[in-house]
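Take a look at the structure below.
Within every chain, numbering begins at 1; the chains are lettered A, B, ... in the order of the sequence lines, protein sequences first and strands thereafter.
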Amino acid sequence: MAPISLTFPDDNARDYEAGITPAQVAADISKSLSKKAISATVNGQHWDLQWPIDADAQIAINTMQDEAPALELIRHDLAHIMARAVQEIWPDVKVTIGPVIDNGWYYDFDRAEPFTPEDLGAIEKKMREIINKRDPVTTEVWDRDRAIKYYEANNEPYKVELIEAIPGSDPIRMYWHGHWQDLCRGPHLQHTGQVPADAFKLMSVAGAYWRGDSSRQMLQRIYGVAFQNKEALRAHLTMLEEAAKRDHRKLGREMDLFHMQEEAPGQIFWHPNGWTIYTQLQDYMRRQQRRGGYVEVNTPQVVDRRLWEASGHWEKYQEHMFIVEVDEEHAREKSVNALKPMNCPGHVQVYNQGLKSYRDLPLRMAEFGSCNRYEPSGALHGIMRVRGFTQDDAHIFCTEDQIEAETARFIDFLSEIYRDLGFAEFKVLFSDRPETRAGSDEIWDKAENALLTATRAAGTEPGLNPGEGAFYGPKLEFVLTDAIGRDWQCGTLQVDFVLPERLDATYIGADGDKHRPVMLHRAVLGSFERFIGILIEEHAGKLPFWLAPRQVVVASITSEADAYVAEVVEALQKAGIRAEADIRNEKINYKVREHSVGKVPVILAVGHREVEDRTVSVRRLGEKQTSVQPLADIVASLGADATPPDLA
RNA sequence: GCUGCUGUAGCUCAGAGGUAGAGCACUCCCUUGGUAAGGGAGAGGUCGAGAGUUCGAUUCUCUCCAGCAGCACCA
């Protein structure tokens, strides 16, 4: 074999025979490294200690001190160890796939009986036994037919299907954890004992479709989390507990913001407190939109099917629409209507009134559009995914040449609003052309380039969602994250070549001929409902002062202060502050606790001293310290705090 | 929509084949208390809905509805 040169992170190089494995390299360096090694990084690629190296390369030997490879291996080996444990307990269970995910892994199984929470305990116990056995991990590359025959003989049809899907040029890699075998691309640890036995936990079982296809077998997926040590696991579990306290459904109850009930699934009963947030946000958005060059319109809720047929919704979206048929006896006309699931067709109707000139473009038409969509029952989630919601929707009618400038303008617009609302960071995703689509490649090129160029010009490199664009055009998604790390699309910008055509929108160009405008569908918040949900979770209920539904509670310490409490409340209200009195016959401790739990940002306590001095004792949410201030001062400073960011 | 789990007082939850309990919240009384729960009394439930088994069902079975987790969906 020809010698090869391996270069280490310290830039020293050593010569080895081609085909040498990192395990041998580690052994060559030192006995202790050989024991501690978990994997290698070869030319930037994560490399199993058993894989041969055939050419000159950069190499680093990883140990448990190297966080990224360590975590990947711990989680990946645990996926295999869990699958082995399951098959040792229930030999007839069929195994499928088990990848590493954020914080842990999952593995999908085909088993007739459901896994119970008690089963999870039994599996965990078995996993620890396997870890304690310190079984060696070994790997071989097999011939494709041999691997298929092997799995057919072992009655593992899912593995056969996986192999059939592996491209012909790729090796079929087999792994063994002790006697237990799995198809896997690797890499893995040296032996099961390298996995920390006290730093993982099985979390839950849920259904998952085989290969993510809802027309296929539903499997049982077991989720686990794992870390490098017990402390990190504990920290993660604590974080989950803390996140649960920020859940908008819980805070919505505690802060008396809204409720939902069986009779109206996926729809929200807003309480006075919640509706205050909603209207504050809407007022703010309305001001921003005016400033941003939008005109505001409003369009009908219940619309004859003819329009939905023309727009294409009847064909493509009907299963998500609430269809309204009036009882024939009462119907004036026997039409079939649908509640609008989107505002776009309505906006085109407004656009189509009167001839438009190229001088009218870009025309930015906004609506706080109430939409109803029959979302699948399993998709509903608090106020974040609902069946009745209001979008801060707008459609920009423009020419192809204006797409880029309008996109840039929109990203600026959205960024400022997100910043005002406390979201300095957000993800941007770019979805390009799907396989089935309308419009020529030429026009797609143009639209995709416009979106990308404008996004990059705004200083953001979007993530790519390949092939996930709508059939009518590419899109940008602006994604925010909830308390437990689930992503929610809020803002969006979508180019649409199709709807103007279908609904015959035109403008007269400088040449005197009719032309088709392009439509940009765009939303900043997405929907008020979802955005408020995110806002609550982001702030753990402690909303910025200007959005807080109850900004100030003035609490009496003694009933002799009642008259002064009323005076303070009135002064605050005159300054535009949402203030209320609490003169109940309760101790100040009780009142402070109750309003703190209710996330009221400022509590003003008044007793004899304050009445005497015409002051208030100020306590801000989350602070133990109080300060005494003259009434006039606090009215002025809270009045300033209450000013929305765009008016400050 | 699919898989699994759950549904008892306004909230958080306990309970059992013989028609229900706690804490908090609520109402009243006592208490006027200085920054996260003062004391006492009282009221409050068709045990998610319907059907079946049973002498008897809130408890067991089935169907439906809703919620939760995940998957699929998300113009």
Side-chain angles (χ1 to χ4, degrees), chain A residues 101 106 108 111 113-117 119 203-223 247 249-250 253-254 256 259-266 311-313 316-317 319-321 341-345 371 373-382 384-385 391 393 431 468-473 475 477 484 486 488-489 492 494 496 498-499 519 521 523 526 530 555-562 583-598 603-610 617-628:
Chain A
I101 54 174
Y106 67 75
D108 289 348
R111 177 185 181 224
E113 298 294 308
F115 290 111
T116 65
D119 290 342
M203 301 297 282
S204 61
V205 194
Y209 296 109
W210 169 233
R211 316 208 92 192
D213 183 342
S214 62
S215 66
R216 305 201 60 181
Q217 175 81 23
M218 177 145 293
L219 307 167
Q220 295 187 65
R221 174 172 298 178
I222 302 178
Y223 286 90
D247 190 311
R249 294 164 296 189
K250 183 177 160 67
R253 226 181 358 257
E254 290 172 1
D256 195 15
H259 84 273
M260 304 175 87
Q261 61 188 52
E262 270 195 33
E263 291 83 350
S311 70
H313 288 80
K316 300 245 183 211
Y317 204 68
E319 60 176 326
H320 296 289
M321 304 211 297
M342 294 172 206
N343 307 299
C344 23
C371 295
R373 297 182 188 172
Y374 189 80
E375 298 285 0
S377 57
L380 301 177
H381 179 86
M384 309 260 236
R385 182 87 181 260
Q391 296 178 314
D393 200 7
S431 300
E468 289 297 308
F471 75 91
Y472 53 69
K475 64 178 175 181
E477 290 176 21
I484 63 164
R486 284 180 289 218
W488 294 91
Q489 182 202 306
T492 183
Q494 308 180 6
D496 187 349
V498 172
L499 199 62
M519 273 175 90
H521 307 248
R530 175 175 295 179
S556 57
I557 294 169
T558 157
S559 56
E560 285 167 45
D562 288 358
I583 56 168
R584 288 175 302 170
N585 176 17
E586 295 291 351
K587 291 197 171 186
I588 192 64
N589 289 305
Y590 182 93
K591 296 181 185 181
V592 164
R593 180 189 145 77
E594 186 174 286
H595 299 122
S596 298
V597 168
I603 298 169
L604 301 182
V606 295
H608 289 296
R609 294 202 291 273
E610 288 77 11
S617 167
V618 184
R619 184 191 165 112
R620 288 182 188 270
L621 184 57
E623 292 175 17
K624 278 215 151 47
Q625 254 181 336
T626 61
S627 68
V628 176

Check if the side chain of [X] and the base of [N] share a donor-acceptor pair of N or O atoms closer than 3.5 Å.
X: Ser559(A); N: rU32(B); value: yes
X: Arg211(A); N: rC71(B); value: no
X: Gln261(A); N: rG67(B); value: no
X: Tyr209(A); N: rG1(B); value: yes

Checking all strands, does [X] fall into the base, sugar-phosphate, or nothing category for heavy-atom contacts under 4.0 angstrom?
X: His595(A); value: nothing
X: Glu610(A); value: base
X: His381(A); value: sugar-phosphate

With the side chain of [X] defined as its heavy atoms from C-beta on, choose the nearest nucleotide among [options].
X: Thr626(A); options: rU35(B), rA36(B), rG67(B); value: rU35(B)
X: Arg486(A); options: rG38(B), rA72(B), rA69(B); value: rA69(B)
X: Pro376(A); options: rC71(B), rG34(B), rG1(B); value: rG1(B)
X: Thr558(A); options: rU32(B), rG34(B), rA36(B); value: rU32(B)

Can you tell me if the side-chain N/O atoms of [X] get under 4.0 Å from OP1 or OP2 in [N]?
X: Asn589(A); N: rA37(B); result: no
X: Arg249(A); N: rC68(B); result: yes
X: Arg253(A); N: rG10(B); result: no
X: Ser377(A); N: rG1(B); result: yes

Whole-Å distance separating the [atom1] atom of [X] from the [atom2] atom of [N]:
X: Arg619(A); N: rA36(B); atom1: CZ; atom2: C1'; answer: 6 Å
X: Asp247(A); N: rC68(B); atom1: CG; atom2: P; answer: 9 Å
X: Leu621(A); N: rA36(B); atom1: CG; atom2: C1'; answer: 11 Å
X: Ile222(A); N: rA69(B); atom1: CD1; atom2: C1'; answer: 14 Å
X: Asp108(A); N: rA72(B); atom1: CG; atom2: C1'; answer: 13 Å
X: Gln625(A); N: rU35(B); atom1: CD; atom2: C1'; answer: 12 Å
X: Glu468(A); N: rC74(B); atom1: CD; atom2: C1'; answer: 10 Å

Between Arg211(A) and Asp213(A), is there a side-chain N and carboxylate O pair less than 4.0 Å apart? no

Across all chains, not counting sequence neighbours, the salt bridge (Lys or Arg N to Asp or Glu O under 4.0 Å) partners of Glu586(A) are none

Residue whose closest nucleotide on RNA chain B lies nearer the 5' end, His608(A) versus Arg593(A):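 Looking at RNA chain B, the more 5' nearest nucleotide goes with His608(A).
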
For side chain to side chain donor-acceptor pair (under 3.5 Å), just list the numbers for Asp119(A) and Thr116(A), CA-CA rounded to whole Å, side-chain angles, deciding distance to a tenth of an Å, and then say yes or no. CA-CA 5 Å; Asp119(A) 290 342; Thr116(A) 65; 3.3 Å; yes

Output a table of nitrogen or oxygen pairs between the protein and nucleotides 3-7 of chain B separated by less than 3.5 Å.
from, atom 1, to, atom 2, distance (Å)
rU3(B), O2, Gly207(A), N, 3.2

Every protein N/O lying under 3.5 Å from an N/O of nucleotides 25-27 of chain B:
from, atom 1, to, atom 2, distance (Å)
rA25(B), OP1, Tyr590(A), OH, 3.1

Charged tip of Lys316(A) within 45° of Tyr472(A) ring normal and under 6.0 Å: no

